[in-house]
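Scroll down for the structure; my scribbles are underneath it.
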Amino acid sequence: MEPSAAHDQARDVFDRAAHQVTDWSAPTPCADWSTRELVNHLVSEQLWVPHLVAGETIEQVGDRYDGDLVGDDPLAAWTSASEVSRRAWDGVPDDREVHLSSGSSPAVDYRWQMVLDLAVHGWDLATATGHDAVIGDDLALALLAEFTDQVDQWRDAGIFGPPVPVPADADPPTRLVALLGRDPRWHPSG
């Protein structure tokens, strides 16, 4: 799957989930974040994009996107930040160097990281609201192909929890979220 198409699909996964939230304090499969905090995290991620794809460093961006970015209207904040990110990605060549917290990287690698973040947190948010995330087999397979070999090092850094065992014949979205430490059976009521 081509990275920009995957990015569009993942953005749609998160956008659909954000539009389904009715309780902005509800728990999510990310134990440290409520629905509001999860959306705030993704808003921050999207607002970083114009700076990083333009060549700014983490230090230059600084802490301007720390704290509460969603105010009284998390959905409006998400919608605006998503559009800012989408416009910033237009025309960015895959080989453009971007500066990430892990060091310099080609823009295509950063884009795939954004795809993973949007798709998996879209699953988190949809699951928290009792809806299907609809990641889709093609997107999940592309993310599994891109990241399966990297997950252990990210797990060692504390980004993901231990993998959750699932049947060998589980569908690709289930395998993806389980690989990233999410329990596919998680339910908002516990």
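Computation of the quantities below employed the complete heavy-atom set of this structure, encompassing side-chain atoms and omitting hydrogens, waters and symmetry-equivalent molecules.
Partners of S85 according to the side chain to side chain donor-acceptor pair (under 3.5 Å) rule, which considers only residues two or more places apart in sequence or in another chain, are Q46. Applying the side chain to side chain donor-acceptor pair (under 3.5 Å) test to D15 and every residue at least two apart in sequence or in another chain returns W78. Taking D183 as the reference, R185 meet the side chain to side chain donor-acceptor pair (under 3.5 Å) condition, with sequence neighbours excluded. Partners of S34 according to the side-chain contact (heavy atoms from CB on, under 4.5 Å) rule, which considers only residues two or more places apart in sequence or in another chain, are R36, E37. Scored by the side-chain contact (heavy atoms from CB on, under 4.5 Å) test, A6 finds M1, W112, V115, L139 as partners (sequence neighbours excluded). With sequence neighbours left out, A77 forms a side-chain contact (heavy atoms from CB on, under 4.5 Å) with V43, V70. The ring pair (Phe, Tyr, Trp, His ring centres under 6.0 Å) search around H41 returns W33, H121, not counting sequence neighbours. For W89, the ring pair (Phe, Tyr, Trp, His ring centres under 6.0 Å) test picks out H7, Y110, with sequence neighbours left out.
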Side chain to side chain contact (heavy atoms under 4.5 Å, CB included) evaluation trace for D117 with F14:
CA-CA 9 Å; D117 209 34; F14 193 85; over 6 Å; no
Would you sort out whether T129 and T22 count as a side chain to side chain contact (heavy atoms under 4.5 Å, CB included), showing the intermediate values?
CA-CA 8 Å; T129 63; T22 57; over 6 Å; no
Worked check of side chain to side chain contact (heavy atoms under 4.5 Å, CB included) between L116 and L180
CA-CA 10 Å; L116 182 67; L180 302 179; 3.7 Å; yes
Evaluate the criterion side chain to side chain contact (heavy atoms under 4.5 Å, CB included) for residue pair R16 and H19; output intermediate values, then yes/no.
CA-CA 5 Å; R16 278 191 308 274; H19 279 85; 6.0 Å; no
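Between the side chain of S80 and the backbone N or O of A76, no donor-acceptor pair lies under 3.5 Å. Formation of a donor-acceptor pair under 3.5 Å by the N40 side chain with backbone atoms of L69 is found in this model. Under the 3.5 Å distance criterion, the side-chain polar atoms of T28 are left unmatched by any main-chain donor or acceptor of A128. Side chain of S82 to main chain of T79: no donor-acceptor pair is present (N/O by atom type, distance under 3.5 Å, no hydrogens or angles). No donor-acceptor pair under 3.5 Å is formed between the side chain of D63 and the backbone N or O of D66.
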May I have the list of side-chain donor-acceptor pairs in residues 143-153 shorter than 3.5 Å, sequence neighbours left out?
unit_1 : atom_1 : unit_2 : atom_2 : d
T148   : OG1    : L144   : O      : 2.5
Q150   : NE2    : E146   : O      : 3.1
D152   : OD1    : R155   : NH1    : 2.7

Show which side-chain atoms of residues 90-99 pair as donor or acceptor with protein atoms under 3.5 Å away, not counting sequence neighbours.
unit_1 : atom_1 : unit_2 : atom_2 : d
R96    : NH1    : V53    : O      : 2.9
E97    : OE2    : S104   : OG     : 2.9
H99    : ND1    : S104   : OG     : 3.2

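The distance from the OG atom of S44 to the CZ atom of R64 is 11.5 Å, given to the nearest 0.5 Å. Atom NE2 of residue H51 and atom CD1 of residue I58 lie 11.0 Å apart, to the nearest 0.5 angstrom. To the nearest 0.5 Å, the span separating NE2 on H187 from OG1 on T127 amounts to 9.5 Å.
The heavy-atom pair separating A17 from G122 by the smallest distance is CB-O, 3.5 Å. Contact detail for V39 and P74: the closest heavy-atom pair is CG1-O, 3.8 Å. Residues G130 and P188 share a closest heavy-atom pair of N-CG, 4.1 Å. The two residues L38 and C30 have their closest heavy-atom pair at CD1-SG, 4.5 Å. Heavy atoms only, all atoms of each residue included: V120 and L176 are closest at CG2-CD2, 4.2 Å. Heavy-atom minimum distance, V13 versus A119: CG1-O, 3.9 Å.
Evaluation of the side-chain hydrogen bond (donor to acceptor under 3.5 Å, both in side chains) test over residues 132-141, restricted to residues two or more places apart or in two chains, returns none. Here side-chain hydrogen bond (donor to acceptor under 3.5 Å, both in side chains) pairs that include residues 160-177, with residues two or more places apart or in two chains, are D171-T174.
Using a 4.5 Å heavy-atom cutoff, the side chains of D124 and T35 are not in contact. V164 is not listed as a side-chain neighbour of R182, based on a closest heavy-atom distance of 4.5 Å or more. With contacts defined as side-chain heavy-atom distances shorter than 4.5 Å, the pair D109/P106 qualifies. Side-chain atoms of R111 and M114, non-hydrogen and from C-beta on, never get closer than 4.5 Å to each other. Counting only heavy atoms from C-beta outward, the side chains of F160 and L179 never approach each other to under 4.5 Å.
Note on L118: it does not cluster hydrophobically with W123, by side-chain heavy-atom contacts below 4.5 Å among ILVMFWY residues. Cluster annotation: W24 and L42 are assigned to the same hydrophobic cluster (Ile/Leu/Val/Met/Phe/Trp/Tyr, side-chain heavy-atom contacts under 4.5 Å, transitive).
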